[in-house]
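Each chain gets a letter, A, B and so on, in the order its sequence line appears, and its residues count up from 1.
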Amino acid sequence: MRAPVRACGPTKLKSRLCNENKFIVVRTRFAPSPTGTLHLGNIRTALFAWAYARHHQGQFVLRIEDTDLERSSEASADGILRDMKWLGLDIDEGPFFQMQRMDRYREVVAQMLKDGRAYHCYTSVEELDALREKQKANNEKPRYDGRWRPENIAKFGLEVPEGVLPVIRFRNPDDGVVAWDDAVKGHIEIANSELDDLVIARPAPVGEVGVPTYNFCVVVDDIDMKISHVVRGDGHVMNTPRQINIFRALGVEPPVFGHTPTVLGSDGEKLSKRHGATGLNEYAASGYVPEAIVNGLARLGWSHGNEEIFTPQQLVEWFNLESLTPSPARFDAEKFEWLNGEHIKRMPVDELAKRLEPFLKEAGYDAAPSSGDQLDAAGGDGFAHPTATMIAELLRERAPTLKKMAALARYCFVAPEVDAALLAQHLNEGNRPAIAWVKDQLATTDWVKPALAAVLKDAQTRFTLKTPQVMMPLRVMLTGSAQAPAVDALLLTLGRERSLARIHV
RNA sequence: GCUUCGUUCGUCUAGCGGUCAGGACACUGGACUUUCUAUCCGGUAACGCGGGUUCGAUUCCCGCACGAAGUGCCA
């Protein structure tokens, strides 16, 4: 489901480019390529850009950079939209698609050509390769030598070759340095002598403009979309000076740049499918809640003192670019899971129940109703079964993900298989009478927690047993496991009928 | 090779010239006699190396090492 595309950018080149470079409002953007699912690294950049805009009551723009025809797909663009929505990164404008802005880019290239800020270059790819090889062999930096700059043509003795379509190159300044104060990394400067004349439009007959290239489109887009702060991954640091030069050539002051550090896999390698740093959708499917993902992602490279657990709202309130660390961070799956558990614990039960329900269904506990605190329709073992809310209440502190919580809830629906050896460890002649007594009491006692607790306590005193001697056999019979919630809570959740059916003395 | 950026416990980080270098995850010890994969309390564990500057460097400067990115008619 693709949102409607909005046209962006007027056709009056000059007036547009030269004037409105004062940004009153903060406008950030996220500009992914639709070439696959978003991984944690990408989405974190989006999160930071979004949080910055929201913090300043600014706007957040989504731009899809779909000019790589071979790898781009609509499905992937839809996936991006879906993931952002799930995380709560609401967008104010867009998505804009670069493919639909080609005319605009060409218009600007044509203008630059006319103004002498760009020129045709007939050097073939083969020649370029040869040139670079030679430069490398001589221990020089491989770069285009500017031979087709109008003033150099004669010097190089060049003639326009037959049947070769020229590319258009940007005339980069020869001297001086390009410098900017990166909002994350601080002052950075690069000598123009390190930069060469980059191709801004691919081959096309003279008089036409070929397909424009990335570094150029980005600048035109950021100008047209009035982006005030470019928050992006630090893989773009080396593009920045080139882009700044293009901004200036177009008569526009460049925006503020903030380059966020890379996220590495837990092994320290770059994030990729193999590292388990899988797509966001898979975290959703594993029972992670978006609040926890936002929290964890933000905490990877950003900090607000010693705050570890915070809500998306708090992130927005506290966020600033200066508190980003400039160094790369490793993804820590264990900490993410812990964080997820913390967010689950803090969530209102009803909300938790609502989110748990699909996971219960997926686990095969289909009949779970959505809410309420009374037993509802018959479950898989033939008894009225607990609601999602009751289960959430019972297990919220014991499961780090919704999926694990659903798995833990098994005994709420299905009679457990009780291992005889395990039971024998906890049930013996010493406590058997007590358990029998408890069962008797449970047949008639009020099914409320204080009453249930009282029965259990009475059993201890009446039979002079230690607490575990009463609790453990019940726990095992009720759940099939020695690790389970408090027995009174279990009884309450499971219900009288089901509980009695499971207690065998 | 060249350019740019980076380097605090295993991991994420706080620190912005004087701290017993703090917190969190993980790990580990204990407590909770309603178990535990829960909860509470405790513990182990870090400033990459070498020079400066300074009364004093984790903090500032310079080298080195290591890592990352770039060096495309990819984005």
Taking atom [atom1] in both [N] and [M], compute the distance separating them and give it to the nearest angstrom.
N	M	atom1	value
B/A45	B/C36	P	28 Å
B/A68	B/U11	P	15 Å
B/U58	B/A46	C1'	10 Å
B/G15	B/C60	C1'	15 Å
B/G43	B/G18	P	25 Å
B/G42	B/C32	P	16 Å
B/C49	B/G10	P	13 Å
B/A31	B/A24	C1'	22 Å

Mind calculating the distance between [atom1] ([X]) and [atom2] ([N]) to the nearest angstrom?
X	N	atom1	atom2	answer
A/Gln243	B/A75	CD	P	12 Å
A/Phe310	B/G23	CZ	C1'	13 Å
A/Arg44	B/U13	CZ	P	8 Å
A/Asn42	B/A75	CG	P	16 Å
A/Ile200	B/G72	CD1	P	17 Å
A/Phe170	B/C73	CZ	C1'	17 Å
A/Asp267	B/G67	CG	P	15 Å
A/Glu322	B/A14	CD	C1'	17 Å

Under 4.0 angstrom, heavy atoms only, what part of the nucleic acid is [X] near: base, sugar-phosphate, or nothing?
X	result
A/Asp196	nothing
A/Ser193	nothing
A/Thr35	nothing
A/Asp488	base
A/Ser124	base
A/Val125	base

Counterpart base for [N], defined by Watson-Crick or G-U wobble contacts under 3.5 Å:
N	value
B/U3	B/A69
B/C64	B/G48
B/C32	none
B/C74	none
B/U19	none
B/U58	none
B/C27	B/G43

Inset, instruction - Could I get the full list of side chain to side chain donor-acceptor pair (under 3.5 Å) partners for A/Arg147, not counting sequence neighbours? - result: A/Asp145
Inset, instruction - If a pair satisfies side-chain hydrogen bond (donor to acceptor under 3.5 Å, both in side chains) and one of its residues is in residues 323-334 of chain A, list it, with sequence neighbours excluded. - result: A/Asn320-A/Ser323
Legend entry - Within residues 203-216 of chain A or reaching into it, pairs that qualify as side-chain hydrogen bond (donor to acceptor under 3.5 Å, both in side chains) - sequence neighbours excluded: A/Tyr214-A/His236
Inset, instruction - Search all heavy atoms of A/Gly296 against all heavy atoms of A/Leu339 and return the closest pair with its distance. - result: CA-CD1, 3.4 Å
Legend entry - Test of ring centre spacing under 6.0 Å for A/Phe48 and A/Phe319: yes
Legend entry - Contacts of type side-chain contact (heavy atoms from CB on, under 4.5 Å), residue A/Arg242, not counting sequence neighbours: A/Leu195, A/Asp196, A/Leu198
Using the salt bridge (Lys or Arg N to Asp or Glu O under 4.0 Å) rule, collect all pairs that involve [range], keeping only residues at least two apart or in two chains.
range	answer
residues 164-186 of chain A	A/Arg149-A/Asp174, A/Glu151-A/Arg171, A/Lys185-A/Asp234
residues 474-485 of chain A	none
residues 287-308 of chain A	A/Glu291-A/Arg355, A/Arg299-A/Glu308, A/Glu308-A/Lys335

So does [Y] get a backbone contact from the side chain of [X], meaning a donor-acceptor N/O pair under 3.5 Å?
X	Y	result
A/Asn245	A/Asn172	no
A/Ser72	A/Thr35	no
A/Asn295	A/Phe310	yes
A/Ser481	A/Gln483	yes
A/Arg63	A/Phe97	no

Legend entry - Residues touching RNA chain B, which here means a heavy atom under 4.0 Å, drawn from residues 298-308 of chain A: A/Arg299, A/Leu300, A/Gly301, A/Ser303, A/Asn306, A/Glu308
Inset, instruction - May I ask you to list the residues of residues 134-149 of chain A, by number, that have any heavy atom positioned under 4.0 Å from an atom of RNA chain B? - result: A/Asn139, A/Lys141, A/Pro142
Inset, instruction - Flag the pair A/Glu194 and A/Arg143 as a salt bridge only when some basic side-chain nitrogen lies within less than 4.0 angstrom of an acidic carboxylate oxygen. - result: no
Legend entry - Charged N-O contact under 4.0 Å between A/Arg346 and A/Glu342: yes
Legend entry - Contact letters for nucleotides 4-10 of chain B, in which S counts primed atoms plus P, OP1 and OP2 and B counts the base, heavy atoms under 4.0 Å: SSSS---
Legend entry - Nucleotide-resolved protein contact map, nucleotides 35-46 of chain B, B/S/- at heavy-atom distance under 4.0 Å: BBBSS-------
Legend entry - A/Thr67 side chain near B/A75 phosphate (N/O to OP1/OP2, under 4.0 Å): yes
Legend entry - Residue-phosphate contact under 4.0 Å: A/Arg63 side-chain N/O, B/A75 OP1/OP2: no
Legend entry - Side chain to side chain, A/Arg398 and A/Met405, heavy atoms closer than 4.5 Å: no
Legend entry - Which residue lies more 5' along RNA chain B, comparing A/Ser33 with A/Gln460 via nearest heavy atoms: A/Gln460
Legend entry - Donor on one side chain, acceptor on other, A/Ser124 and A/Glu127, under 3.5 Å: yes
Inset, instruction - Check the side chains of A/Thr240 and A/Arg232 for a donor-acceptor pair under 3.5 angstrom, ignoring hydrogens and angles. - result: yes
Using the 3.5 Å cut-off, write out each protein N or O paired with an N or O of nucleotides 60-66 of chain B and the distance between them.
none

Inset, instruction - Check step by step if salt bridge (charged side-chain N to carboxylate O under 4.0 Å, His left out) holds for A/Asp221 and A/Arg29. - result: CA-CA 10 Å; A/Asp221 283 340; A/Arg29 44 67 158 189; over 6 Å; no
